Amino acid sequence: MSVIYERVALIGLGLIASSMFWAIKRGGLAGEVTGYARSRETRDTARDIGLCDRVCESALEAVEGADLIVLCVPVGAMGDVAAEIAGALKPGATVTDVGSVKRHVIEMVGPYLPQNVHFVPAHPLAGTEHSGPRSGFAELFDNRWCLLVPVEGTDPDAIERLRELWLSMGANVDEMDADHHDLVLAVTSHAPHLIAYTMVGVADDLRRVTDSEVIKYSAAGFRDFTRIAASDPTMWRDVFLSNKDATLEILGRFTEELFALQRAIRTGDGDHLHAYFTRTRAIRRGIIEAGQDTDAPNFGRGGSRP
Ligand code: NAP
């Protein structure tokens, strides 16, 4: 493979940024990758493990001369980072992000960017419950989707180049508009995460009653919930606060369906339960046929640790 961007800057050095770095290195896709994280600890770790060709002491230094700048911080921090780097961006550069919510990021980041840079928001649908600079690996994006969410009027060449990068990092690429993205993700990822958080919270309450039985007899279904519920609290707080409307819409529908199932159980309506579970089983088969299956339920994040 060949170099797609001469210089790439990664702002934030956690799971997604470190996976991007290793995937870029695997493919020889950039001349130089610079990186910056806000804490000294993360910057030191990055230097220790060879994450980035050059770890910088400021975001401004990292973006200087970069052709592609990737914002890899929690959704709630994107606007502040954009404000910080805006004045140092090279004319003609592309700014992108990897945030799990798109409308909010576009509204928070867009206004800070000068006219002479391209803004192409993106979201790789791949992750694990691990975070931080040591958690990344080159294969994270292999055969996963990356959604590009370009705003109207964006230079098609800038979009194409970013598409090329994600394809070369192993991902499949699609384009979507921001509101549709946020609704789809509320269904496939955000609401399921909230349900997992809730289920683990309920079990924890129960544990107080039944001592350690919940942990001791924890079967696969519940263990999967605990894995999801171990995801980074800052990232997920920001996801819910910034994708409020779509998540609440889906949770409203979820509650209605839950009530219907509750009634079926109470009234002994086995036909209803059987028909419902038959429908959901077909959905699972569809996912497997689409090649998006993984060993364990992981609510659309797709990655697994090596
Ligand atoms: P992560 O491993 O927790 O890393 C986050 C990075 O952002 C760290 O380097 C952290 O710096 C920095 N950071 C945190 N708060 C900040 C702030 N207020 N200002 C500046 N920098 C800050 O996170 P991640 O999983 O890579 O997620 C990064 C982005 O990718 C998020 O927007 C998330 O929505 C999106 N995403 C995540 C997943 C997933 O499953 N994890 C999947 C797809 C997309 P320090 O280390 O110095 O604290």
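Here the structure is a predicted model, which is why all the values come from computation and not from measurement. Just follow the structure's listing: the first ligand is 1, and inside any ligand the first atom is 1.
- Remark: among candidates Ala77, Gly35, Ala122, the nearest residue to atom 18 (N) of ligand 1 is Ala77, based on non-hydrogen atoms.
- Residue contact check: Gly99 has heavy atoms under 4.0 Å from atoms 32 (O) of ligand 1.
- Within ligand 1, the atoms closer than 4.0 Å to a non-hydrogen atom of Pro124 are 43 (C), numbered from 1 in the order shown.
- Between Gly127 and ligand 1, a contact under 3.5 Å exists for no N or O pair.
- Using a non-hydrogen distance threshold of 4.0 Å, Glu129 does not register as a contact of ligand 1.
- Counting non-hydrogen atoms of other residues, nucleotides and ligands closer than 6.0 Å to CD of Glu107 gives a total above 12.
- Remark: ligand 1 atoms within the under-4.0 Å shell around heavy atoms of Gly14 are 1 (P), 2 (O), 4 (O), 9 (O), 26 (O).
- When side chains are defined from C-beta on, Met169 counts as touching Leu29, because their heavy atoms get closer than 4.5 Å.
- Classification of the His193-Trp236 ring pair by plane angle, with boundaries at 30° and 60°, yields parallel.
- Shown here is Arg47, whose CZ atom has more than 12 heavy atoms of other residues, nucleotides or ligands within 6.0 Å.
- At a threshold of 4.5 Å between side-chain heavy atoms, the hydrophobic network of Ile, Leu, Val, Met, Phe, Trp and Tyr places Val105 and Leu113 in one connected group.
- Of the possible polar contacts, none joining the Lys102 side chain to the Asp182 backbone as a donor-acceptor pair under 3.5 Å is found.
- Under a 4.0 Å criterion applied to the non-hydrogen atoms of Ser131, ligand 1 contributes the atoms 1 (P), 2 (O), 3 (O).
- Below 3.5 Å of separation, one finds an N or O of Thr42 facing an N or O of ligand 1.
- Counting heavy atoms only, Met235 comes closest to atom 37 (C) of ligand 1 of the residues Met235, Met78, His193, Arg40.
- Remark: Glu249 engages Arg253 in a salt bridge, criterion side-chain N to carboxylate O under 4.0 Å.
- Of the possible polar contacts, none joining the Asn143 side chain to the Gly170 backbone as a donor-acceptor pair under 3.5 Å is found.
- Under the 6.0 Å distance and 45° angle rule, Arg144 does not count as a cation-pi partner of Phe141.
- In terms of polar-atom proximity, His123 is not counted as a contact of ligand 1, lacking any N or O under 3.5 Å from an N or O of the ligand.
- Checked by distance only, ligand 1 and Gly132 come closer than 3.5 Å through their nitrogen or oxygen atoms.
- Contact of the Val101 side chain with the Leu185 side chain is not registered, since no non-hydrogen atoms from C-beta on lie closer than 4.5 Å.
- In terms of N/O distances under 3.5 Å, ligand 1 is approached by Val73.
- For ligand 1, the atoms sitting less than 4.0 Å from at least one non-hydrogen atom of Val98 are 29 (C), 30 (O), 35 (C), 36 (N), 44 (C), numbered in the order shown with element in parentheses.
- Heavy atoms of Cys72 found under 4.0 angstrom from ligand 1 belong exclusively to the backbone.
- Checked by distance only, ligand 1 and His130 stay at 3.5 Å or farther apart across all their nitrogen or oxygen atoms.
- By the 3.5 Å distance cut-off applied to N or O atoms, Gly12 is not counted among the residues near ligand 1.
- Backbone and side-chain nitrogen or oxygen atoms of Ala17 are examined, and none is located within less than 3.5 angstrom of a nitrogen or oxygen of ligand 1.
- Here's the thing with Ser39: one of its N/O atoms is less than 3.5 angstrom from an N/O atom of ligand 1.
- Heavy-atom contacts of Ala126 reach the following atoms of ligand 1: 42 (C), 43 (C) (cutoff under 4.0 Å).
- In the hydrophobic clustering of this structure, Leu258 groups with Ile195; members are Ile, Leu, Val, Met, Phe, Trp, Tyr whose side-chain heavy atoms approach within less than 4.5 Å, directly or through other members.
- Summarising the local packing, CD of Glu32 is surrounded by more than 12 heavy atoms from other residues, nucleotides or ligands at distances under 6.0 Å.
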